[in-house]
Amino acid sequence: MDDVRNNGVFDDSANELANTTEINDLMAVRRGKLERLIQAGERPYDGKTVPTHLARDVITQFEALNGQTVTLAGRLRALRIHGGASFADLHDSSGRIQLFVRRDNVGEAVYESFKELDLGDFIGVRGTVFRTKRGEISIEVESYELLSKSLRPLPEKWHGLRDIEQRYRRRYLDLIVNPESRKVFILRSEIIAYIRQALVGMGFIEVETPMLHPIPGGANARPFETYHNALDMPLYMRIAPELYLKRLLVGGFDKVFEIGKNFRNEGISTRHNPEYTSLEAYQAYADYHVMMELTEKLISGAAKEVLGTAVIQYQGREIDLTPPWPRLSMLEAIRRYTGIDFEACAGREVEVAREAGVRLKPGANAGQAILETFEQRVEEHLIQPVFITDHPVEVSPLAKRRADNPRLTERFEPYINGWEIANGFSELNDPIDQRRRFEEQVRAREAGDDEAHFMDEDFLEALEYGMPPAGGLGIGIDRVVMLLTNSPSIRDVILFPHMRPRA
RNA sequence: GAGCCCGUAGCUCAGCAGGUAGAGCACCGGACUUUUAAUCCGGGUGUCCUGGGUUCGAAUCCCAGCGGGCUCACCA
């Protein structure tokens, strides 16, 4: 395989690219260098250097390494060529280190070839750690090896890659030249790692449930449809893992969680991507109060873990994530921000909402009127963390009813910066009531609500075997990452956000 | 899906009262043996997003399309 690859594919691929890609002068120069290297017997993609140190090691352990021989590998990002002694910047995953190459040390031939390198080439270098006259810790190169020839010029080092479209489409370039973008994804990784470790530390087990669902469930959303050929049946990309995780409660796992993608066939915006990452966690013998505590603990804990503080800055706004977060019922929140008292006008909710100018779908019920009023009039005010609780039962088909008011549920949604960050409730474990709720959803669907839930007999059957009382929680991980990384768009925290294909 | 804005060199951006397309970095040639956005001398490398239209003449004005951003709608 390797032999086949090395015996002439360079020519083929060069021809291919020449035929299929527009080659500008800058690329032609690099291709010319590549050709000359190959003619000279070099193998520009076969370097074998294995680094002994990272750039950061050399800086942080300078006292110990001074005068020692080290081997590093990375991408060449700057070249300052002088007469007989040149400098270069080598970047690896840990950072930058300066190289110093002197003709008298490496010899005429090596020196000349070094000067022929292009910015973007991957090289391995062996040399001695020292400090320059100007005080910069550097590597005095004894030998170097080309590891991978770069055929395209990188974006400019000083301004980076500003074009938002290019940053998303060619994320690798964004990561190379924009350190702040790189930082966002490192933080994202740390946030998710923290959440995972925290849950495991609390005795949760991590599980994986299907992404392909015969019946999409667990949320109000339009699914992506697909098809399984061998089974000859339609399948849906999951809109939520909820119903499978609850089957695991039935199965005797008391604390489970899943971190993974959900897919929703809906609009794209600065806060919505068709596929996004959620955490869902379920705990038996717990209720929504317990899950609220878990929520504020995980989010504030993540902030403290990765930022060192629970007080964050988001787009010029200070947000204090320190628990406990206030609890505020949805009806009370509406009363506070709009003056509308739905409890005082029970039975006339739809009418009252419409009179207040709230946009409602035709055929909306009381619960939808209340929810719409909240979303259209209250949400935007909820900047500091707050748990909105006690949602109407009509819009919470999987949540347990309040014992003291069966029209409301033991549900919560934390809001931060006006965004719904999570959603949780005491899980409905009464199979009779669950069946009624599904039937209600089916009626809504038949009446034209294409986001209403489907009847899920398989899930009901599981509930009929008995599901322990449990609290459930879903957190929109991307939005948490946006908040903690001060990112204005969800696309800034997703490595490859969805884009239309290039024309 | 609607409204507003954007699309010029590899990158970052000027140019838009219509008159031969510019700068910085990058790149190419030369000088330079401790520079660091190295410096100095010389060189502009382009499908001005695409397609029509107006005009003697369009990067510039008009129309349509494509792609992107923001706001709104739906949603998390």
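Convention: sequence-line order gives letters A, B, ...; per-chain numbering from 1. Just so you know, these numbers use all the heavy atoms, side chains as well, and skip hydrogens, waters and symmetry mates.
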Determine the Euclidean distance between corresponding [atom1] atoms of [M] and [N]; express it in Å to zero decimal places.
N	M	atom1	result
B:rC11	B:rC27	P	15 Å
B:rA76	B:rU8	P	37 Å
B:rA2	B:rG18	C1'	33 Å
B:rG7	B:rG15	C1'	15 Å
B:rA26	B:rG67	C1'	26 Å
B:rC13	B:rU36	P	27 Å
B:rG24	B:rC61	P	27 Å
B:rU60	B:rU50	P	10 Å

Provide the Watson-Crick or G-U wobble partner of [N], both distances under 3.5 Å; none if there is no partner.
N	value
B:rA9	none
B:rG3	B:rC70
B:rA64	B:rU50
B:rC56	B:rG19

For the pair made of [atom1] in [X] and [atom2] in [N], what is the distance, rounded to whole Å?
X	N	atom1	atom2	result
A:Leu76	B:rC27	CG	P	10 Å
A:Ile164	B:rC70	CD1	P	6 Å
A:Glu420	B:rC74	CD	P	14 Å
A:Gln315	B:rU71	CD	P	10 Å
A:His498	B:rG69	NE2	P	12 Å
A:Arg171	B:rG68	CZ	C1'	14 Å
A:Asn273	B:rA76	CG	P	15 Å
A:Arg167	B:rG7	CZ	P	19 Å

Under a 4.0 Å threshold between the charged nitrogen and the carboxylate oxygen, would [Y] count as salt-bridged to [X]?
X	Y	value
A:Glu42	A:Lys33	no
A:Glu112	A:Lys115	yes
A:Arg188	A:Asp478	yes
A:Glu410	A:Lys400	no
A:Lys149	A:Glu116	no

Requested in this report: Start with the C-alpha gap between A:Gln315 and A:Asn486, add the side-chain angles, then the distance that decides, and say whether side-chain hydrogen bond (donor to acceptor under 3.5 Å, both in side chains) holds.
Outcome: CA-CA 6 Å; A:Gln315 303 294 302; A:Asn486 193 20; 2.9 Å; yes
Report task. Answer yes if the ring centres of A:Phe412 and A:Trp325 are under 6.0 angstrom apart, and no otherwise. Result -> no
Requested in this report: Could you tell me whether A:Phe374 and A:Tyr415 have their ring centroids closer than 6.0 angstrom?
Outcome: yes
Out of [options], whichever nucleotide has its closest atom nearest the side chain of [X]:
X	options	result
A:Arg491	B:rU34, B:rU36, B:rC70	B:rC70
A:Arg102	B:rG69, B:rU34, B:rU71	B:rU34
A:Asp118	B:rC28, B:rU35, B:rU33	B:rC28
A:Ser269	B:rU34, B:rA73, B:rC28	B:rA73
A:Met499	B:rG69, B:rC74, B:rC70	B:rG69
A:Arg271	B:rC74, B:rC72, B:rU34	B:rC72

**Report entry** Crowding at CZ, A:Arg131 (>12 non-hydrogen neighbours, <6.0 Å)
**Finding:** yes
Tell me what [X] touches on the nucleic acid: a base, only sugar-phosphate, or nothing, going by heavy atoms under 4.0 Å.
X	answer
A:Gln98	base
A:Arg134	base
A:Asp104	base
A:Thr270	sugar-phosphate

Query raised in the report: Can a cation-pi geometry be assigned to A:Arg445 and A:Phe454, taking NZ or CZ under 6.0 Å from the six-membered ring centre and within 45° of the ring axis?
Result: yes
Collect all protein-nucleotide pairs involving nucleotides 10-12 of chain B in which both atoms are nitrogen or oxygen and the distance is under 3.5 Å.
residue: B:rC11; atom: O2'; partner: A:Glu156; partner atom: N; Å: 3.4
residue: B:rC11; atom: O2'; partner: A:Gly160; partner atom: O; Å: 2.9
residue: B:rC11; atom: O2; partner: A:Glu156; partner atom: OE1; Å: 3.4
residue: B:rU12; atom: OP1; partner: A:Arg162; partner atom: N; Å: 2.9
residue: B:rU12; atom: OP1; partner: A:Asp163; partner atom: N; Å: 2.8

Query raised in the report: Distance check: side-chain N/O of A:Arg169 vs OP1/OP2 of B:rG68, anything under 4.0 Å?
Result: yes
Report task. By nearest nucleotide on RNA chain B, pick out whichever of A:Pro274 and A:Ile268 is the more 5' one. Result -> A:Ile268
Requested in this report: Decide, applying a 5.5 Å centre-distance limit and a 30° plane-angle limit (both strict), whether A:Trp158 stacks on B:rA37.
Outcome: yes
So which protein N/O to nucleotides 38-42 of chain B N/O distances come out below 3.5 Å?
residue: B:rA38; atom: OP1; partner: A:Lys157; partner atom: NZ; Å: 3.1
residue: B:rA38; atom: OP2; partner: A:Arg80; partner atom: NH1; Å: 3.1
residue: B:rA38; atom: N6; partner: A:Ile81; partner atom: O; Å: 3.0

**Report entry** Distance-only polar pair, side chains of A:Arg30 and A:Ser150, donor-acceptor under 3.5 Å
**Finding:** yes
Query - A:Arg222 vs A:Asp450, side-chain contact (heavy atoms from CB on, under 4.5 Å): CA-CA, chis, key distance, verdict - result: CA-CA 7 Å; A:Arg222 282 199 298 274; A:Asp450 58 1; 3.4 Å; yes
